[in-house]
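Encoded as structure tokens, the structure appears first; notes follow it.
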Amino acid sequence: MPFMPAKEYKTEAKPIWCPGCGDFAVLAAMYNSFSELDIDPTKTVIVSGIGCSSRLPVFIKSYGFHTVHGRTLPVATGVKMANPELTVIVTGGDGDAFAIGGGHIPHAARRNVDITYIVMDNFIYGLTKGQTSPTTGSQSGLGHGFKLTTTSPHGQYEDPLNPMAMMLVYGASFVARGYSSKPKQLTQLYNAAIRHRGFSFIQVLSPCVVFNKTYDEIDAAIIPLEGQHDPTDFKAAMNLALDTQTEHLGIIYQNEKPTLDDRIESILAKSNPEKRAGDLKKIFASYK
Ligand SMILES: Cc1ncc(C[n+]2csc(CCOP(=O)(O)OP(=O)(O)O)c2C)c(N)n1
Ligand code: SF4
Ligand SMILES: [Mg+2]
């Protein structure tokens, strides 16, 4: 494939997000990243769930799979296992990821599936009109217990999850945070995450202007990680993740370890071909 400028990755479908929604910038940064990495759309699959954010694959040239709510990671794992040559990217919202889809995250992370998981976190269910999500109230400056949503008119009464800390303890080998209002840094984070071999997670703070407009609170809470943090230091990464007063932006953790493909290859190398029920590669190839 010849080099494609960022605008060439746009499809004919125009995003129907509300004006001011953070998701526009999340998408724009992805066009730039694809262009900078010279991504071949014919060898790329973007898998999404259900939500405003999960519409993203429709707007970018690649194969796309708009799955069902919360089931992105099993589908993406299957895609990657069937064809390890593909670049596999997963996009979705905080509800899709941490509520209905929450049970899949530890397993994709600990298996170190070589995919990039971008969660567009607006701390709310946007598509279904503003119910609480597992991250409602987690953004700095608001604190939990004070956030009013359509399902919590007297304030949020549940403690929010901490996605960064979760990803670290689950064993994700790349954990980063970006912000839709910092598109240049977001592009760099995508580049690093897509290049990383293994399970890469990026939490993108991407406000919903209709049900949870938090640009001011996020602007007041962000601090870029510039040089002073060693992303290979797990304990330092965990300290940053546990600092719920600050939204640290950048790569919080990155380490190399065998991917799921590597692990399967090493099992195949040890097994006796005569005794195998079937050749995995041939079985997967039959589905291509
Ligand atoms: C199995 C199932 N349960 C519930 C829904 C309704 N539903 C659609 S999107 C959504 C939540 C969306 O929130 P989030 O994932 O944060 O995405 P956002 O719209 O905020 O980008 C829900 C509950 C559904 N489509 N399918
Ligand atoms: S409802 Fe919120 S999340 Fe959905 S498109 Fe509008 S601003 Fe974005
Ligand atoms: Mg959401």
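Atoms within each ligand, like the ligands themselves, are counted from 1 in listed order. In this text the structure is predicted, and so the values were computed from the model without any measurement.
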Should Asp262 and Arg197 count as an ion pair when the cut-off is N to O under 4.0 Å?
yes
The answer for which part of Ile50 has a heavy atom under 4.0 Å from ligand 1 is both
Within-cut-off N or O pair, Gly126 and ligand 1, under 3.5 Å:
yes
The atoms of ligand 1 lying under 4.0 Å from a heavy atom of Ile124, numbered in the order shown, are 16 (O), 20 (O)
Nearest protein heavy atom with distance in Å, relative to atom 7 (S) of ligand 2:
Val209 N, 3.4 Å
Considering only heavy atoms, does Ile100 approach ligand 1 within less than 4.0 Å through its side chain, its backbone, both, or neither?
side chain
Does one side chain, of Ser206 or Asp23, offer a donor that lies under 3.5 Å from an acceptor on the other?
yes
Applying a 4.0 Å heavy-atom criterion (strictly less than), which segment of Asn122 is in contact with ligand 1: side chain, backbone, both, or neither?
side chain
Check each of Gly93, Ser53, Gly92 against atom 21 (O) of ligand 1 and report the one with the nearest heavy atom.
Ser53
Atom 8 (Fe) of ligand 2 to nearest N/O/S of Cys208 less than 2.8 Å
no
Heavy-atom nearest neighbour in the protein, as seen from atom 6 (Fe) of ligand 2, with distance rounded to 0.1 Å
Cys18 SG, 2.3 Å
Will you find, in the side chains of Ser133 and Asp94, an N or O donor that is under 3.5 Å from an N or O acceptor?
yes
Need the ligand 1 atom indices (1-based, order shown) with element for anything under 4.0 Å from a heavy-atom of Leu127.
9 (S), 19 (O)
Atom 8 (Fe) of ligand 2 [closest protein heavy-atom partner, distance rounded to 0.1 Å]:
Cys21 SG, 2.4 Å
Atom 7 (N) of ligand 1: nearest protein contact (heavy atom, Å)
Thr128 CG2, 3.5 Å
Does a side chain donor of either Thr232 or Asp230 reach within less than 3.5 Å of an acceptor in the other side chain?
yes
Does a side chain donor of either Thr135 or Asp121 reach within less than 3.5 Å of an acceptor in the other side chain?
yes
Tyr117 vs Phe199 aromatic rings, parallel, tilted or perpendicular, using cut-offs 30° and 60°?
tilted
Residue and atom name of the nearest protein heavy atom (relative to atom 4 (Fe) of ligand 2), distance in Å to one decimal
Cys52 SG, 2.4 Å
Within-cut-off N or O pair, Asp23 and ligand 1, under 3.5 Å:
no
Counting only heavy atoms not in Lys257, do more than 12 sit closer than 6.0 Å to its NZ atom?
yes
Could you check whether the rings of Tyr215 and Tyr179 sit parallel, tilted or perpendicular, using 30° and 60° as the cut-offs?
tilted
Return the residue, atom name and 0.1 Å-rounded distance of the protein heavy atom closest to atom 3 (S) of ligand 2.
Asn122 ND2, 3.5 Å
Check whether the side chains of Thr42 and Asp40 place a donor and an acceptor atom closer than 3.5 Å, and report yes or no.
yes
To which of His69, Met120, Arg55 does the heavy atom nearest atom 11 (C) of ligand 1 belong?
His69
Does a side chain donor of either Arg177 or His248 reach within less than 3.5 Å of an acceptor in the other side chain?
no
Suppose we measure from atom 14 (P) of ligand 1 to each protein heavy atom; which comes out shortest, and what is that distance?
Gly95 N, 3.5 Å
Does the plane of the ring in His196 sit parallel, tilted or perpendicular to the ring in Phe174? Use 30° and 60° as the thresholds.
tilted
Ligand 1 atoms nearer than 4.0 angstrom to some heavy atom of Asp96 are 14 (P), 15 (O)
Give the atom numbers and elements of ligand 1 that come within less than 4.0 Å of a heavy atom of Cys52.
18 (P), 19 (O), 21 (O)
